[in-house]
Protein chains: 2
Amino acid sequence: MQLSERKIKIMQAIIRNYLETGEPVGSRTISKYTDLNLSSATIRNEMSDLEEMGYILQPHTSAGRIPSDKGYRLYVDTMMEEKDKELEELKEMMLEREDKMDHLLKQVAKLLAVNTNYATMISAPTIHTNKLKFIQLSRVDVNQLLAVVVVEGNVIKNNIIPVSEKLDDETLLKLNILLNTNLNGLALEEINLSMITAMKQQAGIHSAIVADVIDAIAESIRADEDLEIYTSGANNIFKYPELADQQKASEIINTFEEKQMLTELVQDTLADENNTGIQVYIGNETPIQTMKDCSVVTATYELGEGMRGTIGIIGPKRMDYDKVVGTLKTITHQLDELYKKKT
Amino acid sequence: MQLSERKIKIMQAIIRNYLETGEPVGSRTISKYTDLNLSSATIRNEMSDLEEMGYILQPHTSAGRIPSDKGYRLYVDTMMEEKDKELEELKEMMLEREDKMDHLLKQVAKLLAVNTNYATMISAPTIHTNKLKFIQLSRVDVNQLLAVVVVEGNVIKNNIIPVSEKLDDETLLKLNILLNTNLNGLALEEINLSMITAMKQQAGIHSAIVADVIDAIAESIRADEDLEIYTSGANNIFKYPELADQQKASEIINTFEEKQMLTELVQDTLADENNTGIQVYIGNETPIQTMKDCSVVTATYELGEGMRGTIGIIGPKRMDYDKVVGTLKTITHQLDELYKKKT
DNA sequence: TGTTAGCACTCGATTGATTAGAGTGCTAAC
DNA sequence: GTTAGCACTCTAATCAATCGAGTGCTAACA
């Protein structure tokens, strides 16, 4: 069966109405709601077709219809009219001088949560494609070195390295020069074995230290590959009865707290290369099992080249997709702007 | 009226039983439960007294009794028999080399949550009484300096300082020496104006930078006074029906997520100088309004001198106080040990 | 041929009444 | 001072009755 123009209009009406009320919507409601001027009986026939086609379903025999995952999918793919959401506060908040990346991200997460009434998450941008900008070894203690690594974008990593041998200032200086001249401007992937070997040779008797340092650098950068995720508004899920029962709520809250599972979502979003930047997971489409009763909308944001992170909004399936997509577009755009301005 | 020996025993029995079951406990239960060999009627009389004295209350006329806040307080103050909780995993986990303080704290929070089945929080130790161990300025970019500050206990702070004037390597070295010789070993409070003035003089034409750096140091350390708090197991509250209804759960979850409000708890705990290290807040005693239906047990842990943080366990009023207190004692002790071993 | 009015039917949700059971308070007896 | 006994209270569970929203189907209409 084909989806006639009229069926589409009815689907749209059903979904719109259901998004608002959260109640199954009946034929009579649609009959009045739309400008189609059809009686409830006609609508019933059409709805019966739509149900057969899998776009809507009945919770029980004598209830109205609610959209199925397939129905939502249809809506998101073809029927959405993006509302552009003004985020007045956003600019102000972002422009507050926030040199600390993590603070900024936390704020964005919170802002989004307050603004949308859904739960939100944001992952710190992954930096592994980025270039080393500065390396410094310092002696902090008799047997401890401090390695500071700055990556493009001013992301700073520290690592304490225990050393057994004593190093005098001069050696330290040499090592610093050695490291910086050799590694500066390189991306992590570009550091290969032959380079390391070469550096070890140059370091002479201190080759052990060089190895340690390289390890530390690698580790301190990789440390973030169990990546930093900030969340906010988890308690918003209590606003939607269909998610608020103990079982589900507990699972979702847990997912949010553990964050571990959210990384999958991030990976999945970042992995999809050929996307416009926004992805919508409806119900079972989500990579996170515990969220199969939710919908998740994710966006990829980009800070300069190579630094990409993910913003996600998690809500009920009857989420206001139009608004959420609009908001996410605005936010990612703003983040982009912000970065350009800073550099 | 006085609390007779027998009344105390009955109170104890009531609380113990209620902690286990969460159900109001009746006279007949007590009559069998205790070794007093009294009939339910006698117990009833005693319970009637206890109710009049405010230690227990009846949810409704024909229900058993439950402890009031005052009753719990009595229990905690005088009737508890600490069970020493073996935390086998704890040692292993702690001994995993965890140089990253924040990772360690997160793990402790999680471990506690899993172990107790309550929600937990842990605040990073405040460091403002601690001594500067190492300061380093480096040029990261033409117009950006990186200030790295290491405080005793190997807490590392970074700060990017924008500079207008150009600095050559030699000047930078001089500044580093100046800063380190002057500030090393000092606590933040000990840095006073005259010292700063003296340093500025020595810095000559670069006095502006010195001021900036000092500011940055102060700020980078103070930055943490909106203190870092890690939480875990928030979803455990769903295990206790008396906390699991939407309204309460939502509030508690929110408190946990925002963390802002938890700082009050931390402040309150740390403020109490003359305590043994463990505090119990029952119901309304808690400084956090949203937790008035919970009990909160907090402990102060100390890493060396001056670095103190707070661990908190949040659960229903019928929390297993004995176990929780025992566990907290173990944990704080372990943290102490760990620190000693590391330094 | 598509649309509509009408009607019987279904099924969840609400309401009210009844019952069972746990626990108390009180009194009288031990 | 303790206990047995009994009336009383209140909650929770159960069940039936009812309501109403919404459907599916049929027959009539344009």
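In what follows, every chain begins at residue 1, and chains take the letters A, B, ... in the order their sequences are listed. All figures in this text were calculated on a predicted structure; none of them were measured in a lab. In what follows, every heavy atom counts, from backbone to side chain, and hydrogens, waters and symmetry copies are set aside.
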Task: Whole-Å distance separating the OH atom of A:Tyr33 from the P atom of D:dG22 - done: 15 Å
Task: Pairwise side-chain contact, B:Thr120 with B:Asn236, heavy-atom cut-off 4.5 Å (strictly under) - done: no
Open item on the list: What I want to find out is whether B:Arg318 reaches B:Glu20 closely enough, with some N-O distance under 4.0 Å, to be called a salt bridge.
Closed with: no
Open item on the list: Just by distance, no angles: are the side chains of A:Arg28 and A:Ser40 close enough, under 3.5 Å, to form a donor-acceptor pair?
Closed with: no
Open item on the list: At less than 4.0 Å, is any side-chain N or O atom of A:Ser39 found next to OP1 or OP2 of C:dT4? Yes or no.
Closed with: yes
Open item on the list: Output the rounded distance in Å from CG (A:Asn45) to C1' (C:dG2).
Closed with: 10 Å
Open item on the list: Angle between the end axes of the helix from C:dT1-D:dA30 to C:dC30-D:dG1, five pairs per end, to the nearest 10 degrees?
Closed with: 20°
- [ ] Evaluate side chain to side chain contact (heavy atoms under 4.5 Å, CB included) for B:Val25 paired with B:Thr21, printing each intermediate quantity in order.
- [x] CA-CA 9 Å; B:Val25 14; B:Thr21 64; 5.7 Å; no
Task: CA sep, side-chain torsions, deciding dist, call: B:Tyr18, B:Glu23, side chain to side chain contact (heavy atoms under 4.5 Å, CB included) - done: CA-CA 6 Å; B:Tyr18 185 66; B:Glu23 296 290 310; 5.6 Å; no
Open item on the list: Do B:Tyr33 and B:Asn17 make a side-chain contact, defined as non-hydrogen atoms from C-beta onward lying under 4.5 Å apart?
Closed with: yes
- [ ] For the residue pair B:Ser39 and B:Thr42, confirm or rule out a side-chain donor-acceptor distance under 3.5 Å.
- [x] yes
Task: Sorted by number, the residues of residues 6-21 of chain A with heavy-atom contact under 4.0 Å to DNA chain C - done: A:Arg6
- [ ] May I have the distance from A:Ile56 (atom CD1) to D:dG24 (atom P), rounded to whole angstrom?
- [x] 9 Å
TODO: Test salt bridge (charged side-chain N to carboxylate O under 4.0 Å, His left out) on A:Asp49 and A:Lys7 and set out the steps.
DONE: CA-CA 9 Å; A:Asp49 291 351; A:Lys7 281 196 174 58; 3.3 Å; yes
Open item on the list: Rounded to whole Å, please give me the gap between CD1 in A:Ile30 and C1' in D:dA21.
Closed with: 15 Å
Open item on the list: Main chain of A:Lys259, side chain of A:Thr263: is a donor-acceptor contact present, judged purely on distance under 3.5 Å?
Closed with: no
Task: A:Leu19 to A:Asp320 - nearest heavy-atom pair and separation - done: CD1-CA, 4.4 Å
Open item on the list: I'd like to check B:Tyr321 versus B:Ser295 (side-chain heavy atoms, cut-off strictly below 4.5 Å). Are they in contact?
Closed with: yes
- [ ] Could you check how far CG of A:Asp49 sits from P of C:dT3, rounded to whole Å?
- [x] 11 Å
TODO: Report, as a single string ordered 5' to 3', how protein heavy atoms within less than 4.0 Å touch nucleotides 6-24 of chain C: B base, S sugar-phosphate only, - not at all.
DONE: B---BBS---------BSB
Open item on the list: Distance check needed: C:dG2 C1' versus A:Leu36 CG, whole Å only.
Closed with: 15 Å
